[in-house]
A.B. asks: 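Mind looking over this structure? Questions follow.
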Protein chains: 2
Amino acid sequence: MVKAFVTSVDVAQRAGVSRSAVSRTFTEGASVSPEVRRKVLQAAQELGYRVNRLAQGLNNSSSNLVGVVGANLSLPFMAKQLDMLSIGLLRRGLQCLLLNAADARSDIAPLIELIFEFRARAIVVLSGEPPMSIVDECLANGVKLIVINRQLARSDTDIILSDDIAGATLAAERLKAAGCRKVAVVTSGSGTPTQLRRCKAFSDVMTAAGTDIVVWHDGPTTYETGLKAARELLSDRQIDGAFCVTDIMAIGFLDGARNDMGRRVPEDLSVIGFDDIPQASWRSYELTTISQSFEVLTEAVLAALDHELGQSVITNVPVALIERSTVRR
Amino acid sequence: MVKAFVTSVDVAQRAGVSRSAVSRTFTEGASVSPEVRRKVLQAAQELGYRVNRLAQGLNNSSSNLVGVVGANLSLPFMAKQLDMLSIGLLRRGLQCLLLNAADARSDIAPLIELIFEFRARAIVVLSGEPPMSIVDECLANGVKLIVINRQLARSDTDIILSDDIAGATLAAERLKAAGCRKVAVVTSGSGTPTQLRRCKAFSDVMTAAGTDIVVWHDGPTTYETGLKAARELLSDRQIDGAFCVTDIMAIGFLDGARNDMGRRVPEDLSVIGFDDIPQASWRSYELTTISQSFEVLTEAVLAALDHELGQSVITNVPVALIERSTVRR
DNA sequence: CTCTCCCTTGAACACGTGTGCAAATTTGCA
DNA sequence: TGCAAATTTGCACACGTGTTCAAGGGAGAG
């Protein structure tokens with residue numbers, strides 16, 4: 001049988017004071033005399049006392065937890081985002097309750113409901129789309145909802161969007177400047193809003209310029225999908241440019257183009273990606289891509305936590321073209 | 001002002017039953033008549049009732065939380081591990097409280113104390129080393145402690161170790177078979193136990209065989225470190241083999257060897273890594289490496305959660321040589 | 001010295017849930 | 001129908017904390 005955790009009653013008894021004094025000692029800005037404070041701290045130290053956050057949260061009817069919903073956490077983009085977010089939360093005194101949706105297609109509603117049960121202060125949705133009923137529930141119960149790269153048809157939720165349209169436009173302009181005559185757009189079959197936006201904005205610019213485009217989409221957002229795209233698309237020898245809506249697919253595409261389809265990059269084929277994941281700068285790729293600052297994105301999420309409830313703030317994360325060496329100059 | 005969450009009292013009132021009935025309806029195996037159950041469920045549905053896990057945990061003096069401590073979550077190895085672990089926890093009805101140590105060198109004690117405050121059921125340490133005082137505290141308070149790839153000098157903690165020694169030995173044997181005469185060992189400057197073990201085991205086999213070795217160590221466990229190692233080591237043209245204790249460094253090393261130092265791999269130089277991260281199988285690398293099954297590792301962690309408290313189980317995660325194309329046949 | 005004001009202290013309540021116990025009700029059997 | 005057994009129900013307590021409220025006590029001003 002294990003002994004239970006030390007409670008504030010134990011500490012109070014040992015320090016010879018009331019339980020209130022103990023509580024006040026550990027509460028910022030409460031009124032305790034230095035003498036009592038010292039005795040309490042010493043007793044707490046000796047007994048190994050730890051505040052019970054569950055009881056604390058029960059009282060305040062809210063915890064310091066922030067629920068984070070995501071999927072495919074091992075993909076570089078997600079991993080980087082989660083890494084920075086979890087650091088930022090901790091630094092702000094918030095704890096991260098991580099719910100992994102396992103599959104980008106799976107319904108995230110049950111996960112969000114779980115977060116509700118923990119009376120989390122806020123919910124951050126990194127992937128998947130929360131149903132409207134849940135958005136309502138968040139608002140009704142005073143839980144901040146922050147959605148990343150999903151455009152909800154609502155005006156009472158914080159939304160953080162990378163500027164996909166500007167990014168895709170930058171990519172299109174760059175490929176035009178490289179003199180491409182026929183370009184491919186590579187996207188996954190998952191049809192996430194982000195990918196759709198990038199795909200559409202790029203296509204719009206290209207068709208307006210009269211450039212031939214061919215849109216390819218299939219499979220999940222992975223390296224293998226990019227590889228497959230290269231193998232299927234590049235039998236058409238007229239294609240001399242490609243916009244892959246995600247770096248991870250761009251890297252697969254590059255490998256397929258060079259190794260399987262015998263293309264020289266950038267001489268025969270210009271390739272441009274999106275996200276600027278760490279691997280994009282590896283020497284074997286040196287992928288020209290559109291970067292969205294992870295720092296800015298993370299800061300936007302953290303800032304959103306402080307926003308007034310029910311007030312919608314749409315934050316656009318700016319993008320920039322990172323010139324490396326997969327597009328002809 | 002926001003309305004508070006719905007409580008079991010509200011539900012009981014609406015359903016016209018006692019609060020106990022509500023509680024029992026949501027408790028597995030409690031005794032409720034079908035009639036009452038139906039009324040309660042309907043009322044709960046209409047009001048949007050959610051059990052308050054904080055109050056629940058307060059009562060049971062333990063929550064369903066599992067604290068996970070890690071660092072460098074965006075490195076492929078860590079990301080993959082966290083991804084699988086968080087899925088596995090969720091599937092078992094446990095929630096993942098993620099604490100990011102931000103820096104591999106930073107002290108993880110404060111993070112573990114935070115986990116204590118949440119009365120987590122178990123603590124999983126992915127990186128960093130918990131001080132002995134905390135190990136004691138875990139045991140005293142009935143909190144399961146699971147440490148991955150850290151050898152603690154204790155017999156009352158669950159420890160999960162990839163079989164570094166067997167892996168490093170496999171790597172050494174393979175390089176010997178490739179006919180290498182002088183091999184480099186590339187390791188980071190962080191000196192984690194895992195890396196030290198791999199380094200030592202490899203060196204032991206090689207020196208026993210009379211092969212020349214040179215050990216290089218510097219910087220963090222990153223791609224850039226591998227790149228740097230190649231630039232510094234390969235001015236010595238006698239080196240014809242390299243064991244990088246981590247795939248991420250092996251990939252950097254490969255890029256440096258090929259692009260900066262003009263080596264052909266595997267003709268001039270054989271390279272072997274460790275971990276089998278997803279990037280190792282990318283077409284540009286096709287890195288020969290030692291794999292440790294992420295599935296087995298994850299399963300071991302989940303299994304450890306069910307072990308008796310205070311009983312130590314040391315699980316060895318088996319390794320295997322994955323032949324690709326960076327070692328001469 | 002007395003009065004007032006401010007700081008500190010302890011008692012009591014609230015937070016929302018699970019559960020032991022005894023009463024109430026239903027079921028099973030003869 | 002009558003009785004015992006089994007099931008269901010409600011009351012009350014416990015979990016560990018924050019906080020309000022009134023009482024206590026000390027210091028400073030007149």
Side-chain angles (χ1 to χ4, degrees), chain A residues 2-41 43-44 47-65 114 116-121 141-142, chain B residues 2-41 43-44 47-65 114 116-121 141-142:
Chain A
V2 284
K3 106 172 179 267
F5 271 87
V6 176
T7 76
S8 58
V9 176
D10 302 330
V11 177
Q13 200 159 0
R14 174 154 194 139
V17 297
S18 80
R19 200 186 54 72
S20 306
V22 178
S23 177
R24 281 191 256 263
T25 300
F26 292 100
T27 304
E28 193 73 19
S31 153
V32 213
S33 70
E35 169 64 8
V36 169
R37 169 180 225 94
R38 196 191 51 74
K39 284 197 293 188
V40 168
L41 286 178
L47 294 175
Y49 170 68
R50 313 225 171 275
V51 174
N52 185 333
R53 297 246 178 188
L54 302 178
Q56 216 172 29
L58 176 56
N59 222 347
N60 313 346
S61 66
S62 154
S63 60
N64 278 329
L65 290 171
L114 200 50
F116 273 128
E117 296 180 3
F118 278 95
R119 301 299 187 261
R121 174 174 301 189
N141 291 316
Chain B
V2 284
K3 108 173 176 265
F5 270 87
V6 176
T7 77
S8 58
V9 176
D10 303 329
V11 177
Q13 201 159 1
R14 173 154 195 140
V17 298
S18 80
R19 201 187 51 73
S20 307
V22 178
S23 176
R24 282 191 251 264
T25 300
F26 291 100
T27 304
E28 193 72 20
S31 153
V32 212
S33 70
E35 169 65 7
V36 170
R37 167 179 226 96
R38 195 192 52 73
K39 282 197 292 188
V40 168
L41 286 178
L47 294 176
Y49 169 68
R50 313 225 171 277
V51 174
N52 186 334
R53 297 247 179 186
L54 302 179
Q56 216 172 31
L58 176 58
N59 223 345
N60 312 347
S61 67
S62 154
S63 60
N64 278 329
L65 290 171
L114 200 50
F116 274 127
E117 296 181 4
F118 278 96
R119 300 299 186 263
R121 173 173 302 189
N141 291 314

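Proteins come first, then strands; the chains are lettered A, B, ... in the order of their sequence lines, and each starts at number 1.
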A.B. asks: Please work out if A:Ser31 contacts a base, only the sugar-phosphate, or nothing of the nucleic acid, heavy-atom cut-off 4.0 Å.
C.D. replies: base

A.B. asks: So which heavy atom on A:Phe26 is nearest to which on A:Ala44, and how close?
C.D. replies: CZ-CB, 3.8 Å

A.B. asks: If each of B:Arg119 and B:Val17 is mapped to the nucleotide of DNA chain D with the nearest heavy atom, which maps nearer the 5' terminus, i.e. the 5' end?
C.D. replies: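 Result of the comparison: B:Val17.
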
A.B. asks: What closest approach, in Å, do A:Ala30 and A:Arg24 show between heavy atoms, and which atom pair accounts for it?
C.D. replies: CB-O, 3.6 Å

A.B. asks: Just how far is it from atom CG of B:Leu114 to atom CG of A:Asn64, taken to the nearest 0.5 Å?
C.D. replies: 9.0 Å

A.B. asks: In whole angstroms, how far is the C1' atom of D:dG18 from the CG atom of A:Asn64?
C.D. replies: 14 Å

A.B. asks: Base, sugar-phosphate alone, or nothing: which one does A:Val22 contact when heavy atoms must sit under 4.0 Å apart?
C.D. replies: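 The answer is nothing, as A:Val22 stays clear of every strand by at least 4.0 Å.
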
A.B. asks: Look at all strands and tell whether A:Asn52 reaches a base, only sugar-phosphate, or nothing, counting heavy atoms closer than 4.0 Å.
C.D. replies: sugar-phosphate

A.B. asks: Is any side-chain N or O of A:Ser23 closer than 4.0 Å to OP1 or OP2 of D:dG18?
C.D. replies: yes

A.B. asks: Quick one: how far along DNA chain C does chain A reach, first to last nucleotide 5' to 3', anything under 4.0 Å to a heavy atom?
C.D. replies: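 Contacts span C:dT8 to C:dG16, reading 5' to 3'.
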
A.B. asks: For the CG atom of A:Asn141 and the OG atom of A:Ser61, what is their distance to the nearest 0.5 Å?
C.D. replies: 10.5 Å

A.B. asks: The criterion is side-chain hydrogen bond (donor to acceptor under 3.5 Å, both in side chains); which residues satisfy it with B:Arg37, sequence neighbours excluded?
C.D. replies: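 B:Arg37: no side-chain hydrogen bond (donor to acceptor under 3.5 Å, both in side chains) contacts found.
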
A.B. asks: Might you point out which heavy atoms bring A:Ala120 and A:Ser63 nearest each other, and give the distance in Å?
C.D. replies: CA-OG, 3.8 Å

A.B. asks: Taking any heavy-atom pair under 4.0 Å as a contact, classify A:Thr27: base, sugar-phosphate, or nothing.
C.D. replies: sugar-phosphate

A.B. asks: Reckon A:Ser61 touches a base, only the sugar-phosphate, or nothing at all at heavy-atom distances under 4.0 Å?
C.D. replies: nothing

A.B. asks: For the helix from C:dC1-D:dG30 to C:dA30-D:dT1, what is the angle between the axes at its two ends, each from 5 pairs, rounded to 10°?
C.D. replies: 30°

A.B. asks: Classify the nucleic acid contact of B:Val9 as base, sugar-phosphate or nothing, counting any heavy atom under 4.0 Å across all strands shown.
C.D. replies: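 Nothing, no nucleic acid heavy atom in range.
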
A.B. asks: Which atom names give the shortest non-hydrogen contact between B:Val32 and B:Ala21, and what distance separates them?
C.D. replies: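 Scanning both residues, the minimum pair turns out to be CG1-O, 4.4 Å.
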
A.B. asks: Looking across every strand, which nucleic acid part, if any, lies under 4.0 Å from B:Arg53 by heavy atom: base, sugar-phosphate, or nothing?
C.D. replies: nothing

A.B. asks: Need one value for B:Thr7: base, sugar-phosphate or nothing, where a base atom within 4.0 Å counts as base even if backbone is also close, heavy atoms only.
C.D. replies: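 Answer is sugar-phosphate: B:Thr7 comes under 4.0 Å of backbone atoms only.
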
A.B. asks: Without decimals, in angstroms, what is the distance between A:Asn60 CG and D:dT17 P?
C.D. replies: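 Result: 13 Å.
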
A.B. asks: For A:Leu58 and B:Leu54, work out which heavy atoms get closest and say how close.
C.D. replies: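 Scanning both residues, the minimum pair turns out to be N-CD1, 4.1 Å.
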
A.B. asks: Are B:Arg50 and A:Glu117 close enough for a salt bridge, meaning some N to O gap below 4.0 Å?
C.D. replies: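 Looking at B:Arg50 and A:Glu117, the cut-off is not met.
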
A.B. asks: Would you call the rings of A:Phe116 and B:Phe5 parallel, tilted or perpendicular, taking 30° and 60° as the class edges?
C.D. replies: perpendicular

A.B. asks: Go nucleotide by nucleotide along DNA chain D from the 5' end; which of B:Ser18 and A:Arg19 gets its closest nucleotide reached first?
C.D. replies: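 Nearest nucleotide further toward 5': that of B:Ser18.
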
A.B. asks: What's B:Tyr49 touching, base or sugar-phosphate or nothing? Going by heavy atoms closer than 4.0 Å.
C.D. replies: sugar-phosphate

A.B. asks: Rounded to the Å, how far apart are B:Arg24 CZ and D:dC11 C1'?
C.D. replies: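 These atoms are roughly 10 Å apart.
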
